[in-house]
Amino acid sequence: FKSAILNVFNKLKKIMSKELKESVRLMFHETENINKKTGIIKYKIMELKSTITKMKNSVERLQSCCEQARETFKNNN
């Protein structure tokens, strides 16, 4: 009877060990996936910031051109 109980516990220990290893493996892969997605999101944010900066610069140049055109128009009239 005692050996039967020890046998059950040993089998249970092996099963739990396998399940734990599988869980750790899955968590590792999930962490890798999250890190990849985080990297992609950071890259996209950098791209958006760059685009916004370019747009702001374009607006500033356009405003400058408009101001120059107003001054030229004002001076010619």
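Numbers here are sequence positions counted from 1. If you're wondering where the values come from, they're calculated on a predicted model, not measured in any experiment. The figures that follow rest on heavy atoms only: side chains count, while hydrogens, waters and symmetry mates do not.
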So how far is it from [X] [atom1] to [Y] [atom2], rounded to the nearest 0.5 Å?
X     : Y     : atom1 : atom2 : answer
Phe9  : Met16 : CZ    : CE    : 11.0 Å
Cys66 : Arg61 : SG    : CZ    : 13.0 Å
Glu32 : Glu30 : CD    : CD    : 10.0 Å
Asn7  : Lys11 : CG    : NZ    : 4.5 Å
Gln68 : Gln63 : CD    : CD    : 12.5 Å
Arg25 : Leu20 : CZ    : CG    : 13.0 Å

Checking [X] side chain against [Y] main chain: does a donor-acceptor pair fall under 3.5 Å?
X     : Y     : value
Thr38 : Ile34 : yes
Ser50 : Met46 : no
Ser17 : Lys13 : no
Asn75 : Glu71 : yes

Flag side-chain contact, heavy atom, 4.5 Å: Arg70 against Glu67 =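 Of all side-chain heavy-atom pairs linking Glu67 with Arg70, at least one is under 4.5 Å.
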
Check the pair Val24, Phe28 against side-chain contact (heavy atoms from CB on, under 4.5 Å), reporting the backbone distance first and the verdict last.
-> CA-CA 6 Å; Val24 169; Phe28 175 77; 5.5 Å; no

